[in-house]
Amino acid sequence: MSFQPNPGDEVVINDIAYTIGQHPAAPGLAYAQAGRQGIVYQLIPRNGSIHGAKALKVFFPKFRIPAMVYQSEHMESYSELPGLQVCKRDVLTPERNGALIGKHPDLLYAVLMPWVQGQTWFDVISDQRQLTAEESLKLARALAGTGSAMEQRGLAHCDMSAPNVMIPFFSEVENLGKTSAVELVDVEQMYGSKMDRPDALLAGSPGYAAHRTVHSGLWSSYADRFAGAVIIAEMLSWSDPVIVEKAWGESYFDQHEMQTVSERYYAMRESLEKRWGSKLSDLFIRAWESHDLSSCPTFGEWYVALAAVDVDQANAAAVTSEEETANPSEAADVNLKKSSEPVSEPVNTQDGNRPQTPQSPDQEAVVNRLFLQARALEDEDKPAAALEVYRSLYHFIPHNSAMQMEVEAAIKELDAKLNPKEDTDKPVPVPFYRSKKFMISSAVLILLLAGGVPTVKILADQAEVKQKEQQEATRLAEIKAAEEAEAAKAAALKQQEEQEKQKAADAAKLDAEEKKKLAEAKQKEAEAKKKEEERKALQAKYDKQAKYEAYLVKQEQQKKEAAKRAQQEKYDKQAKYEAYLVWKKENDAKLAKQEAERKAAAEVKRQQEIAQKAALKKKRAQNVVTLIAHYNKTYNAQKGRKIENAEAYARDFKNLYNTDASYFKGVGKVAARMSAINKFLSNNSYTLPNL
């Protein structure tokens with residue numbers, strides 16, 4: 001039957017009785033934790049306390065490997081290392097635990113090991129539990145110390161991740177032993193020179209696996225370096241509320257972000273440098289930018305750097321962050337100033353220019369990745385995210401370079417797109433009665449009217465003058481009116497010509513401005529095209545160089561791995577042969593010891609049976625004498641007419657007889673006496689025979 005225990009069920013392993021623990025968060029359910037390779041149950045000694053609890057790991061069928069016995073025997077010596085107490089393991093085998101495995105076949109090659117109290121690092125991240133600076137430093141130092149001790153012995157966990165890092169430091173159960181602040185679990189994939197390569201290899205856990213690593217599986221002495229660097233960086237940064245808020249979920253990084261330039265990467269790098277100094281930040285950058293696991297920092301380097309840091313620096317940085325949070329307006333002004341720096345003129349130094357510093361290959365790689373990421377965000381129509389990446393990129397670009405001008409143009413364009421300004425240059429409509437055309441027409445009309453009124457008046461006053469004078473006056477008036485009309489018409493024409501000239505000038509000006517804008521646009525487009533071509537050529541050069549370097553590294557690595565595999569195979573064959581000789585000798589001695597123990601146990605059992613038979617025989621003989629005495633007392637009491645006493649003796653006889661009736665039935669006249677007693681008890685007038 002399958003192994004599906006309930007809380008309180010008893011399990012006997014190696015003559016020690018255990019009970020299944022109850023889950024603290026789910027009463028009525030067994031305390032079990034599921035992993036990649038199996039399920040771990042908590043076992044509590046029936047005659048012990050929670051401090052002596054054990055973990056029983058029941059493997060899934062794929063991972064029930066007989067070689068687990070050999071592997072666990074070699075692991076036991078590593079249980080003395082800090083953080084590796086689960087290496088003290090006992091494997092359930094058919095030879096020693098046959099009865100239990102026969103009842104529960106799932107327990108074949110299950111492993112019994114110490115139960116580690118406390119939370120996992122996975123629980124800390126998932127719960128977004130912020131740490132103090134002291135707690136962060138203590139956990140990071142503990143993990144670095146464990147990793148360094150393992151590396152010195154050529155060991156590697158090979159699946160270092162948040163679920164496999166236990167934190168006894170946060171346990172609610174008092175720690176009576178010398179347990180490390182950090183403990184590693186799930187050590188079945190452990191690498192060592194004397195370990196057999198597992199049949200099924202794991203490729204790392206999401207959020208901690210390097211994407212440049214071969215995905216066929218991790219099993220080498222370098223396997224923990226990248227994942228360990230990420231976890232140490234998480235532990236150090238988990239005292240920063242900004243980092244805790246930015247966490248992806250079950251780990252700080254999303255697996256798709258591993259070894260890429262992202263917002264979370266820059267946030268963690270900045271937090272490490274600000275709180276713990278540039279040495280730790282540089283180690284993290286070195287691991288993140290590494291092309292293979294062997295080029296990641298060793299745990300020893302992490303341990304040395306952590307030993308030199310001062311927790312007061314982290315506390316001071318935390319106080320500064322809290323002050324910025326408490327004064328959001330000042331922080332916003334500072335952030336606004338920082339964000340506007342790329343689009344403003346660079347800050348001049350004493351010689352009039354920003355200092356020109358050569359870029360390192362690592363910095364060039366960062367610049368190229370940031371630029372490509374910003375372009376990709378633009379293509380995905382994410383202007384706000386692209387603007388932030390461009391602004392981050394600006395600080396890494398050399399002054400007056402082609403890329404700087406291109407980035408400045410991109411920042412201005414995106415900023416204008418996200419923050420459009422209202423158009424204040426539109427002409428304000430002028431009322432009709434204030435327009436130039438209306439005013440000129442009105443002036444001409446008034447002028448005409450003003451000239452016509454005196455002429456009419458003269459003709460009326462001189463109506464009685466001679467016809468000749470009247471005609472002359474009329475002619476003169478007509479001439480004068482014509483002259484005035486001609487003058488008004490000339491003034492109107494002049495005004496109209498001026499208006500036409502003004503319109504022509506305005507149109508010419510607008511046309512010139514349009515041509516100028518078009519020319520500027522074409523020039524900008526040509527410059528942008530030229531910059532894009534330069535960028536593509538530069539990127540192609542970088543890609544080609546990177547591919548060549550990667551090819552050289554790969555070739556060198558393949559040579560090293562081939563030589564190492566050949567040497568390792570030689571060592572493995574020798575180690576297996578030596579192990580076989582040791583095993584054969586130990587097995588022969590074990591079998592001889594077991595045979596001697598079996599014979600001794602059989603002899604002890606035989607002597608016990610003889611003693612038991614002798615004791616039973618003696619007791620039965622005494623009981624026969626007692627029965628005869630009870631019968632005689634009953635008989636004498638009846639004869640003496642003491643019926644109540646006779647009945648009491650009769651009942652004593654019957655009770656004793658029934659304790660071993662099958663035996664007493666065949667002894668002398670005991671059965672006849674019993675028959676007489678029964679008749680007497682059913683009828684006290686019955687006379688007992690003298691037997």
Side-chain angles (χ1 to χ4, degrees), residues 1 3-20 22 28 43-49 52 94-104 107 593-691:
M1 59 184 291
F3 188 69
Q4 296 179 348
N6 296 314
D9 289 353
E10 184 174 88
V11 179
V12 179
I13 301 176
N14 298 333
D15 299 328
I16 300 176
Y18 299 94
T19 57
I20 302 295
Q22 179 174 259
L43 303 184
I44 302 175
R46 182 168 292 280
N47 299 323
S49 65
E95 293 79 9
R96 290 189 302 165
N97 312 97
L100 181 61
I101 296 174
K103 185 177 179 181
H104 301 288
L107 297 182
K593 182 179 179 181
Q594 289 177 351
E595 181 64 20
E597 290 176 350
R598 186 189 64 76
K599 290 181 179 179
E603 180 64 21
V604 170
K605 185 176 181 181
R606 189 179 68 81
Q607 293 297 333
Q608 289 177 348
E609 290 176 352
I610 293 173
Q612 288 176 355
K613 289 180 180 179
L616 180 61
K617 184 177 180 180
K618 181 177 179 181
K619 184 177 181 182
R620 284 176 170 175
Q622 291 176 351
N623 288 340
V624 169
V625 174
T626 304
L627 287 172
I628 295 172
H630 286 329
Y631 184 84
N632 291 338
K633 289 179 181 179
T634 306
Y635 177 82
N636 293 330
Q638 187 185 35
K639 288 295 183 180
R641 301 184 181 278
K642 297 179 180 178
I643 301 304
E644 293 181 358
N645 293 342
E647 289 178 346
Y649 294 141
R651 283 191 292 272
D652 292 341
F653 180 93
K654 185 176 181 178
N655 292 335
L656 182 58
Y657 181 88
N658 288 335
T659 59
D660 198 1
S662 61
Y663 172 75
F664 293 137
K665 186 182 294 185
V667 178
K669 297 180 179 180
V670 175
R673 289 185 177 91
M674 182 63 202
S675 177
I677 288 295
N678 286 333
K679 292 177 181 179
F680 172 72
L681 289 174
S682 61
N683 184 10
N684 57 15
S685 61
Y686 172 77
T687 302
L688 293 170
N690 185 7
L691 298 176

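Counting only heavy atoms from C-beta outward, the side chains of Asn623 and Asp660 never approach each other to under 4.5 Å. Side-chain contact check for Arg620 versus Leu616: some heavy-atom pair is nearer than 4.5 Å. Considering only heavy atoms from C-beta on, Arg673 stays 4.5 Å or farther from Leu627 through its side chain. Considering only heavy atoms from C-beta on, Asn97 comes within 4.5 Å of Ile13 through its side chain. Considering only heavy atoms from C-beta on, Phe3 stays 4.5 Å or farther from Lys103 through its side chain. Residues Glu647 and Phe680 are in side-chain contact: their nearest non-hydrogen atoms beyond the backbone lie under 4.5 Å apart. Annotation: side chain of Met674 is in contact with side chain of Asn678 (closest heavy-atom distance under 4.5 Å).
Glu603 and Gln607 share a side-chain donor-acceptor pair at under 3.5 Å.
The minimum heavy-atom distance linking Ala650 with Leu681 is given by the pair CB-CD2, 3.6 Å. Smallest separation of non-hydrogen atoms from Gln22 and Gly28: OE1-N, 3.1 Å. Of all heavy-atom pairs spanning Ala646 and Thr634, the tightest one is O-CG2, 3.3 Å. When all heavy atoms are compared, the tightest approach of Asn6 to Ile20 is O-CB, 3.4 Å. Contact between Lys665 and Ala671 at its shortest, heavy atoms only, is O-CB, 3.6 Å. Residues Phe664 and Val670 share a closest heavy-atom pair of O-CB, 3.6 Å.
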Yes or no on side chain to side chain contact (heavy atoms under 4.5 Å, CB included) for Tyr649 and Asn636, after CA distance, side-chain angles and deciding distance? CA-CA 10 Å; Tyr649 294 141; Asn636 293 330; over 6 Å; no

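Remark: Glu644 CD is loosely packed, at most 12 non-hydrogen atoms of other residues, nucleotides or ligands lying under 6.0 Å away.
For the atom pair NZ (Lys679) and OG1 (Thr687), the distance works out to 12.0 Å, reported to the nearest 0.5 Å. Taken from NZ in Lys633 to NZ in Lys642, the straight-line distance is 13.0 Å, to the nearest 0.5 Å. To the nearest 0.5 Å, atoms OH (Tyr18) and CG (Asn14) are separated by 7.0 Å. Rounding to the nearest 0.5 Å gives a distance of 6.0 Å between OH of Tyr631 and CD1 of Ile677.
Salt bridge present: Glu595 and Arg598 bring a charged side-chain N and a carboxylate O closer than 4.0 Å.
Here the two rings, on Phe653 and His630, have centers that are 6.0 Å apart or farther.
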